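Report on the structure given below.
Given the structure is predicted, the values throughout are model-derived calculations rather than measurements. Computed from heavy atoms alone, side chains included, the values below leave out hydrogens, waters and symmetry copies. Here, residue 1 is the first one in the sequence, and each next residue gets the next number.
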Amino acid sequence: MRYTIESGDLENIVSRLLDIVRRLGVSVSKLAIEVDGGNANLEIALAPASQAVANTLRERIGQIEGAKAAV
């Protein structure tokens with residue numbers, strides 16, 4: 001599973017995202033952050049997980065204030 005997130009609040013997003021991933025019991029295989037001025041793009045790749053876990057993760061990412069999925 002791979003997700004890309006855009007945010008202006010990098011510190012909050014990273015800590016919340018890693019906490020969510022930890023609670024779901026999914027392993028992180030890659031975490032990359034690219035900062036451009038006040039905006040940050042965060043790319044996270046996770047070990048394969050069930051569809052239910054993937055759906056829950058996507059939902060919870062959407063609930064993080066200031067985070068939006070990048071197209």
Side-chain angles (χ1 to χ4, degrees):
M1 296 184 300
R2 186 176 302 266
Y3 299 91
T4 302
I5 302 166
E6 295 177 356
S7 174
D9 186 7
L10 179 63
E11 292 80 8
N12 181 48
I13 299 300
V14 171
S15 63
R16 299 260 326 262
L17 178 63
L18 292 178
D19 186 52
I20 291 167
V21 168
R22 179 188 58 80
R23 289 174 189 233
L24 289 173
V26 181
S27 297
V28 175
S29 60
K30 177 183 178 183
L31 179 64
I33 301 170
E34 185 177 312
V35 178
D36 180 21
N39 292 319
N41 291 323
L42 183 146
E43 180 183 343
I44 187 168
L46 305 171
S50 70
Q51 188 62 43
V53 170
N55 290 341
T56 299
L57 180 58
R58 196 172 3 267
E59 250 179 52
R60 293 193 181 162
I61 289 172
Q63 294 172 354
I64 300 173
E65 186 175 333
K68 63 180 180 177
V71 179

Under the side-chain contact (heavy atoms from CB on, under 4.5 Å) rule, what do I20 and T56 come out as? Steps first, then yes or no, please. CA-CA 10 Å; I20 291 167; T56 299; over 6 Å; no

Taking side chain to side chain donor-acceptor pair (under 3.5 Å) as the definition, give me every residue that meets it alongside N39, ordered by chain and number, with sequence neighbours left out. none

Between L57 and Y3, is any pair of side-chain heavy atoms under 4.5 Å apart? yes

Could you check whether any side-chain heavy atom of V53 comes within less than 4.5 Å of a side-chain heavy atom of V26, counting everything from C-beta outward? yes

With V14 as reference, evaluate L42, I44, I5 under the side chain to side chain contact (heavy atoms under 4.5 Å, CB included) test and give the passing residue. L42

If the test is side chain to side chain contact (heavy atoms under 4.5 Å, CB included), which one of L31, V28, L24 qualifies with L46? V28

Heavy-atom nearest pair, T4 first then E43, reads OG1-CG, 4.1 Å

Euclidean distance, N41 CG relative to I33 CD1, rounded to 0.5 Å: 10.5 Å

First locate atom CD of E6, then atom CD1 of I13, and finally report the distance between them rounded to the nearest 0.5 Å. 11.5 Å

Is D19 paired with R16 through a side-chain N to carboxylate O contact shorter than 4.0 Å? no

Is a side-chain N or O of S29 found less than 3.5 angstrom from the main chain of A45, in a donor-acceptor match? yes

Can you see whether N55 engages Q51 through a side-chain donor-acceptor pair at a distance of less than 3.5 angstrom? yes

Considering residues at least two apart in sequence or located in another chain, which fulfil the salt bridge (Lys or Arg N to Asp or Glu O under 4.0 Å) criterion with D9? none

